[in-house]
Each structure stands twice: as structure tokens, then as C-alpha cells.
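Side-chain atoms are counted along with the backbone in the values below, which use heavy atoms only and exclude waters and symmetry mates.
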Amino acid sequence: MAVDNLGKFTLTCDRFCNGRIMAKISRRKALLAGFAFPAMVDAAYGETPSGDDGKKALRFEELAGFEVEGVAAEHPLAILPLGSLEFHGPHNPLGSDSIIISGIAERVAARTNGLLFPTVTFTQCPAQTANFRGTISVRPEVMSMYFGDILRNILHLGFRKIFILNGHDGNIGPGRGAIAQVADETKDAALLFASWWEFLSGEMMKTLGTFHQANGGHGHGGPLETSAVAAFRPELIHLEKSRDLPEPPDLSGGAPYFLQKSKAAEWPGYSGRVSEASADKGRKLVQISEDGIVKLVKNWLQHNDVPGSW
């Protein structure tokens, strides 16, 4: 029997609320209800990301064979999301980075008419998280070769511009290495790389006051990242499995730096006041990041004469 969207929503609410009205509601169920209810509404009414003109993102893997020829001429750029499979604390899914970047990339593709490629999920993870059970890490030199081959194949389709949208810190080194090599061997390619969290700077987060941390909620598996996951997959968050921890210390007073250790003894694989995370905060922050990314891409497409950065 066919059921319209409103009917599905009503039925879902009946089962969720009335079916358990006499049952004791645990903390886990209460948290899940708070995270998931907005997502239930979106699913019931069939809302999916669309661009400014109402068009939805076109996914490369959904193309039929006869549609591939000439597809590059219909889209100004290809979009390649980079994620990971990495431990993000006991409260977050292993695919946190991939979930976040896949969701953002779909929205960016819809708003820029980019052709969206599947998220690269098996990637390199730093030593301090690679030792956690559940993390799947690929050697950085292998990743550079792997990324490079993906980029070459996308260019072979006829694309001259590729936007690599990153969701995982471990992809920065191998990704930039692959981009440098492919750009050097190709006559007319332009390859843009950006990480979604860079559009939510520490200073911006402090101004927003979303989280009560000196760094604005940044940190591996912390409240910012947990909220971003909840924005897309709230049912995968388990806050009752975690506890609030100190935020990671800033060793430089604000200047960027890179530190990697063979292991981090006593570190539980995440940091920060994760109890402050929420799907509502995540949606707002993801929107800010998305808007910044779209602005970057549109400016890039409008300025072909811009030299590469260094």
C-alpha cells in the first residue's frame, strides 16, 4: 500500500512516541531523539540537497555508460571528496570524516554544477590514531600514488578543473603530493585543494561562542566534529559513551604547526567538551563552511588567470 510522505512521517512519529509512551526513556534514547528528530522530518518530506536553481548534485557513479561521453562539457569542474576510516572516540562512527565530507560535497556540487565523484574512504591516518582498533590506514606514499591515479583518470574524462574537498587531516600531505605531480605532468589542468574545517577558523569559532573552549571546539573527535557528524547522521552519535576532556593545548599561540607522534599514551582518541555537541549546532556550522567553500569555488571558476598558490 502506498503511503505519502506525510503519512510516513506520522507513522514514524506514532511508532517512536506512542509505541514507547509507557517505556522508561533512557539517556541514550533521549539523546538520540534530540539528535534525530530534525533528520526524521527531512527524510519524511523527501528533502535532499539542491543548488540555487533547485537542481540536485549529479553523481558520477550513477551515470550510465552512454552518458559518460561529453559529461565534462556539461560541468565546469569535478569534485572529489576525501574522507577516512578512523577512530574518533567511542562516541563517533569510524567514518566520521567521510560522513561529513560526503554531505558537504553533495551540497557544494549542487550549488556549483560540479560532477560529484565518490568519496575516497581508505586513506592515510596518523600514527597516534592508527593504533586504535577500527582505524584503517594506508601508507602515505601509497596514498599519493593512489590519489594521483584517481586525478589522472578524472582528467582523462575531459575535465580540466578538479576540486579536491578534504575531510581528514591525514590527506593533506599525500593529497598535495599527488596534486603537485599530476599538475606538473599535465599541460592545462587546475587542481584546487581545501579542507572543510579551515572555513571555521579558531577566531571565528570564538566569536560565534558555540562551544566553551579556547580553540572554539576544534580537536579530533571534539564537539565541533561530533556536531558536524550529527548534522548528517545523528543516529550514529553515542554521547553516553564519552566524557568531557580537556581541549588540546595550543603550543604556538595561534600559528599553524604540524606534530605527529608514534603513539599518544593515555590519550583516549578524542578531546574536548563533547557534551556540548548537538545536531543543531552542527547544521549551522556546516552551513557556514559550505557557504565559504562555494564562494571559493565560484571565485576560482571566474578567475582563470590566477596563478597557483605556494
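- Partners of Asp149 by salt bridge (Lys or Arg N to Asp or Glu O under 4.0 Å), not counting sequence neighbours, listed by chain and number: Arg152.
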**Message:** Evaluate Val229 against Ile100 for side-chain contact (heavy atoms from CB on, under 4.5 Å), listing each step before the verdict.
**Reply:** CA-CA 6 Å; Val229 175; Ile100 295 170; 3.7 Å; yes

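- Side-chain contact annotation: Thr129 with Glu86, donor-acceptor N/O pair under 3.5 Å present.
- The shortest heavy-atom contact between Glu106 and Ala57 is O-CB, 3.5 Å.
- Put simply, the side chain of Thr123 gets close to the backbone of Gly83: a donor and an acceptor are under 3.5 Å apart.
- For the pair Thr112 and Phe163, the minimum side-chain heavy-atom distance is 4.5 Å or more.
- Within a 6.0 Å radius of CD in Glu69, other residues, nucleotides and ligands contribute 12 heavy atoms or fewer.
- Side chain of Ser144 to backbone of Glu141: no donor-acceptor contact under 3.5 angstrom is found.
- Judged by distance alone, with hydrogens and angles left aside, the side-chain atoms of His91 form a donor-acceptor pair with the main-chain N or O of Gly221 at under 3.5 Å.
- A side chain to side chain contact (heavy atoms under 4.5 Å, CB included) with Lys161 is found for one member of Ile154, Leu192, Asn304 and no other, namely Asn304.
- Open room surrounds OH on Tyr146; 12 or fewer heavy atoms of other groups in view lie less than 6.0 Å from it.
- Remark: the backbone N or O of Asn92 is not paired with any side-chain donor or acceptor of Ser96 at under 3.5 angstrom.
- A salt bridge between Lys295 and Asp291 is absent, with no side-chain N of the basic residue lying under 4.0 Å from a carboxylate O of the acidic one.
- By the 4.5 Å heavy-atom criterion applied to side chains, Arg233 and Pro93 are not counted as neighbours.
- For the atom pair His238 NE2 and Thr226 OG1, the distance stands at 11.5 Å (nearest 0.5 Å).
- A distance-only check finds no donor-acceptor pair linking the side chain of Gln124 to the backbone of Pro174 [under 3.5 Å].
- Looking at heavy atoms from C-beta onward, Pro81 lies out of side-chain contact with Val120 at the 4.5 angstrom threshold.
- A distance of 13.0 Å separates CG of Leu191 from CZ of Phe147, quoted to the nearest 0.5 Å.
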**Prompt:** Under the side-chain contact (heavy atoms from CB on, under 4.5 Å) criterion, do Val286 and Arg107 qualify, and how do the steps go?
**Reply:** CA-CA 10 Å; Val286 163; Arg107 299 180 181 197; 4.1 Å; yes

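- Every residue meeting the side chain to side chain contact (heavy atoms under 4.5 Å, CB included) condition with Thr121, not counting sequence neighbours, appears here in chain and number order: Leu85, Ser98, Thr119.
- Interatomic distance, NE2 of His218 versus NZ of Lys206, reported as 10.0 Å (0.5 Å rounding).
- Looking at every heavy atom in both residues, Ala230 comes nearest to Ser278 through CB-C, 4.3 Å.
- With hydrogens and angles disregarded, a donor-acceptor distance shorter than 3.5 Å links the side chain of Ser242 to the backbone of Leu239.
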**Request:** Could you give me the CA-CA distance, side-chain angles and deciding distance for Leu285 and Leu224, then say whether side-chain contact (heavy atoms from CB on, under 4.5 Å) is met?
**Result:** CA-CA 8 Å; Leu285 295 174; Leu224 193 162; 4.2 Å; yes

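- Two residues are said to be in side-chain contact when any heavy atoms from C-beta on lie closer than 4.5 Å; Asn166 and Trp196 fail this criterion.
- Nearest heavy-atom pair, Pro223 versus Ser271, reported as atom, atom and distance to 0.1 Å: CD-O, 4.0 Å.
- Aromatic pair His88/Tyr270: centroids not less than 6.0 angstrom apart.
- When all heavy atoms are compared, the tightest approach of Thr135 to Ala130 is CG2-CA, 3.7 Å.
- For the atom pair CG of Leu94 and CZ of Arg133, the computed distance is 11.0 Å after rounding to the nearest 0.5 Å.
- Using a 4.5 Å heavy-atom threshold, the side chains of Arg59 and Leu115 count as separate.
- Side-chain atoms of Asp169 and His220 form no donor-acceptor pair, as typed in the model, at a separation below 3.5 Å.
- Judged by distance alone, the side chain of Glu61 and the main-chain N or O of Phe117 form no donor-acceptor pair under 3.5 Å.
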**Message:** His303 vs Val306, test: side-chain contact (heavy atoms from CB on, under 4.5 Å). Steps then yes/no.
**Reply:** CA-CA 6 Å; His303 296 86; Val306 174; 3.4 Å; yes

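- Of the possible polar contacts, one joining the Glu67 side chain to the Ala64 backbone as a donor-acceptor pair under 3.5 Å is found.
- A donor-acceptor distance shorter than 3.5 angstrom exists from the side chain of His75 to the backbone of Asn113, with no hydrogens or angles considered.
- Ser201 places a side-chain N or O within 3.5 Å of a backbone atom of Met204 that can act as its donor or acceptor partner.
- Counting all heavy atoms, side chain and backbone alike, Asn131 lies closest to Ser262 at ND2-O, 3.4 Å.
- With rounding to the nearest 0.5 Å, the separation of CZ in Arg283 from NZ in Lys281 is 12.5 Å.
- At least one side-chain heavy atom of Leu82 sits less than 4.5 Å from a side-chain heavy atom of Leu80.
- Looking at heavy atoms from C-beta onward, Leu63 lies in side-chain contact with Val71 at the 4.5 angstrom threshold.
- The shortest distance between side-chain heavy atoms of Phe60 and Glu62 does not fall below 4.5 Å.
- Sorted by first and then second residue, the pairs that involve residues 250-279 and meet salt bridge (charged side-chain N to carboxylate O under 4.0 Å, His left out), not counting sequence neighbours, are Arg273-Glu276.
- Closest heavy-atom contact between Gly282 and Ala231: C-CB, 3.6 Å.
- Ser275 contributes atom OG, which lies 10.5 Å from atom CZ of Phe211 (distance to the nearest 0.5 angstrom).
- Residue-environment remark: CZ (Phe132) exceeds the threshold of 12 foreign heavy atoms within 6.0 Å.
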